[in-house]
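Here is the naming used below: chain letters follow the sequence lines, and residue numbers restart at 1 for every chain.
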Amino acid sequence: MRFCPSPTGNPHVGLARTALFNWAHARHTGGTFVFRVEDTDAARDSEESYQGLLDALRWLGLDWDEGPEVGGDHGPYRQSLRMDIYADAAQQLLDAGRAYLAYDSPEELEERRVAARAAGGASGYDGLHRDLTDEQRAAYEAEGRQAVVRFRMPDEAITFHDLVRGEVTFEAGQVSDFVIRRANGQPLYTLTNPVDDATMGITHVLRGEDLLSSTPRQIALHRALVDLGIGEGVVPQFGHLPLVTGSGNRKLSKRDAGGSLTYYREAGFLPEGLLNYLALLGWSFGGDQELFTLDEMAAAFEISRVNPNPAQFDLKKCEAINGLKIRGLDVDDLARRLVPYLASAGLVSDPPTPEQQQLLTAATPLVHERIAVLTEAVDLLGFLFVDDAAFTVDPDDAAKVLDEAGLGVVSAARDALAALGTWDTASIEAALRAALVEGLGLKPRNAFGPVRVAVSGRRVSPPLFESLELLGRERGLARLSAPLA
RNA sequence: GCCCUCAUCGUCUAGGGGCCUAGGACGCCGCUCUUUCACAGCGGUAGCACGGGUUCGAAUCCCGUUGGGGGCACCA
């Protein structure tokens with residue numbers, strides 16, 4: 001198995017899904033999961049993207065058996081470090097007549113492409129330089145032209161058994177001779193990918209459906225490599241996963257708002273929540289079960305059960321799954337995961353001080369059932385951690401609830417609590433109910449609303465009595481007094 | 001334009017010829033619980049793209065149509 005993204009831009013969810021399925025298949029079958037980085041295009045690849053890629057995979061928690069940082073017998077695992085291998089392969093292909101030099105200029109190619117298409121044909125390479133004589137080549141060289149290397153496609157239909165789609169056939173002549181080495185000598189993905197798969201002993205490849213039409217080219221090249229004795233003599237089996245589309249049913253690109261993996265990380269998705277959701281796009285556990293762990297998925301993953309039709313990414317459902325995953329976490333685990341988010345909001349230090357840790361441990365149960373993503377906890381819990389000087393009440397909520405009547409309620413609440421002996425949830429509740437509901441004859445909703453806003457700063461907050469207990473007597477009373485001043 | 005591919009509620013899916021008056025989940029709408037918001041529970045809404053076959057019987061098999069998606073680079 002292998003997974004071989006190229007480090008261009010931010011990793012996106014489609015990439016995560018592909019990695020997940022490859023991982024699951026490797027784990028299920030007991031195979032080796034190879035992670036290779038396809039960075040052959042210097043113009044598009046960057047070290048930053050490379051780091052981002054590793055970072056994203058580590059965050060997701062998908063471990064690989066061979067690849068960057070873990071090594072392996074088939075390294076190096078970055079194509080930029082394997083250039084001599086490709087140069088050698090290209091030369092052997094050329095020497096064997098399986099590839100040839102083509103001197104067409106980009107302008108000429110473009111012109112012929114447009115013409116071919118206008119004539120109703122396919123727009124691939126027309127094979128003009130397929131059988132140049134030595135004299136013709138010499139003439140082009142004399143003009144100062146630089147040749148690319150094109151692979152000579154065999155004149156036969158190519159049929160392969162797609163792991164998810166079954167038999168797929170491309171008729172002879174449908175796939176044109178493709179460039180494997182640029183005029184500047186740099187190899188292209190079309191060459192590096194099969195060469196690496198061959199030399200790394202890759203047997204299975206799961207990738208996006210967008211690569212389906214390039215598969216016959218790769219298979220043809222693989223066969224040539226086998227003939228030449230390059231690599232381990234195995235043509236991998238391919239499986240093409242359905243595309244993950246965005247809301248407009250268009251291919252989800254890394255430029256889409258919800259496309260980038262960093263979005264999910266920053267919004268507070270659990271990696272296992274995102275992965276669980278992604279697994280549902282094109283695969284199902286079976287029966288009515290939608291929630292499972294990575295290990296359960298690996299145990300159950302059957303490539304033949306992968307659905308071939310494209311799936312639209314639904315953020316709402318992704319959040320719902322994530323919320324369910326959060327609810328399945330134990331409280332300490334949840335608290336631990338909240339720390340980075342609270343810290344980046346400036347509410348706690350990372351690691352938290354003992355006092356912060358204590359408060360967090362006590363407060364986490366209050367949000368456990370109410371959040372779908374981790375960042376929601378930051379909004380909900382902020383009032384507990386914020387410096388008193390920095391505490392603010394949401395102006396809209398204040399306007400709605402803290403009117404004259406509301407302030408009267410807050411005042412009564414303060415008086416009742418000031419007289420309270422024991423400061424705990426039950427006592428606070430009893431005192432407030434007595435003073436506001438029974439004393440003032442208010443409906444609970446109207447009684448606690450103003451108090452909630454004064455204490456938490458918002459109309460939506462964790463449960464009020466527990467919040468007051470955690471806030472403590474001094475701070476609690478101060479919050480109630482503040483709007484009265 | 002050419003090639004490839006896909007087709008079950010709005011979305012993700014279960015479904016391998018009779019267990020299907022098509023099941024689940026998200027969403028949406030009600031209700032219950034309730035100090036807000038949630039959670040949880042209950043109920044509801046909504047679908048086999050169309051047309052031909054095959055068969056005693058098709059969501060399931062075949063063909064076609066239509067529609068969607070992808071590809072057609074000296075990107076990957």
Side-chain angles (χ1 to χ4, degrees), chain A residues 4-8 38-41 43-45 102 104-106 109-110 113 116-125 146-150 162 165 168-171 173-176 178-184 186 188-190 192-193 207-216 240 242-243 245 247 249-251 277 280-291 307-321 323-324 327 367-372 376 380 397 401 429 432-433 436-437 443-449 451-453 456 458-465:
Chain A
C4 54
S6 69
T8 57
E38 311 229 313
D39 53 347
T40 54
D41 189 349
R44 304 201 317 157
D45 305 324
D104 319 81
S105 71
L109 288 173
E110 180 59 22
R113 241 195 305 272
R117 196 149 158 170
S123 42
Y125 183 62
Q146 300 265 291
V148 299
V149 176
R150 279 183 189 274
D162 189 283
R165 282 152 219 278
V168 178
T169 297
F170 288 79
E171 295 302 332
Q174 284 312 146
V175 185
S176 59
F178 54 96
V179 177
I180 59 176
R181 194 179 74 189
R182 291 185 168 100
N184 67 8
Q186 293 296 309
L188 251 22
Y189 143 89
T190 48
T192 61
N193 184 286
R207 34 154 37 177
E209 191 191 342
D210 50 340
L211 293 170
L212 183 56
S213 34
S214 73
T215 305
H240 291 90
L243 250 23
T245 68
S247 50
N249 221 270
R250 295 235 143 253
K251 184 179 173 182
Y277 173 68
L280 261 17
L281 263 26
W283 182 75
S284 69
F285 192 87
D288 290 338
Q289 186 174 347
E290 285 199 324
L291 242 43
N307 198 321
N309 45 321
Q312 192 170 312
F313 191 94
D314 182 357
L315 188 57
K316 278 279 200 350
K317 174 127 188 182
C318 186
E319 286 173 350
I321 295 282
L324 256 13
R327 254 149 263 138
V367 296
H368 198 187
E369 311 273 287
R370 4 181 83 73
I371 58 172
E376 286 179 78
L380 247 20
D397 287 351
V401 179
E429 175 166 7
L432 288 179
R433 280 192 191 280
L436 308 179
V437 179
K443 285 183 175 169
R445 179 185 196 90
N446 297 326
F448 303 128
V451 181
R452 178 186 308 284
V453 172
S456 74
R458 310 170 29 161
R459 282 190 299 162
V460 173
S461 79
L464 180 58
F465 315 125

Checklist outcome for this item: Of Gln289(A) and Arg181(A), the one whose nearest nucleotide on RNA chain B sits closer to the 5' end is Gln289(A)
Item to check | First encountered from the 5' end of RNA chain B, between Ser284(A) and Asn184(A) | outcome: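 The 5'-side residue here is Ser284(A).
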Checklist entry - Under 4.0 Å: is that the gap between some side-chain N or O of Thr40(A) and OP1 or OP2 of A76(B)? => result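 Checking Thr40(A) against A76(B): at least one side-chain N or O falls below 4.0 Å of OP1 or OP2.
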With a 3.5 Å cut-off and heavy atoms only, can you find an N or O donor on one side and an acceptor on the other between the side chain of [X] and the base of [N]?
X: Glu290(A); N: G24(B); answer: yes
X: Arg452(A); N: U35(B); answer: yes
X: Arg370(A); N: C39(B); answer: no

Item to check | Candidates U13(B), G24(B), C74(B) - which lies nearest the side chain of Val148(A) | outcome: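 Closest of the options to the side chain of Val148(A): C74(B).
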Checklist entry - Out of C39(B), C72(B), C4(B), which has the shortest distance to the side chain of Val168(A)? => result C4(B)
Next on the checklist: Mind checking if Pro216(A) touches a base, just sugar-phosphate, or nothing, with heavy atoms under 4.0 Å?
Outcome noted: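 Result for Pro216(A) = nothing.
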Watson-Crick or G-U wobble mate for [N], both contacts under 3.5 Å:
N: G18(B); value: C56(B)
N: A49(B); value: U65(B)
N: C28(B); value: G44(B)
N: G1(B); value: C72(B)

Item to check | P gap between G23(B) and G30(B), integer Å | outcome: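 Rounded to whole Å, the distance is 24 Å.
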Checklist entry - Looking only at atom C1', what distance separates U8(B) and C4(B), rounded to whole Å? => result 24 Å
Checklist entry - Rounded to the nearest Å, what distance is computed from the CG atom of residue Leu212(A) to the C1' atom of nucleotide C72(B)? => result 13 Å
Next on the checklist: Taking the side chain as everything from C-beta on, heavy atoms only, tell me whether Leu188(A) gets closer than 4.5 Å to Arg182(A).
Outcome noted: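 With C-beta onward as the side chain, the pair touches.
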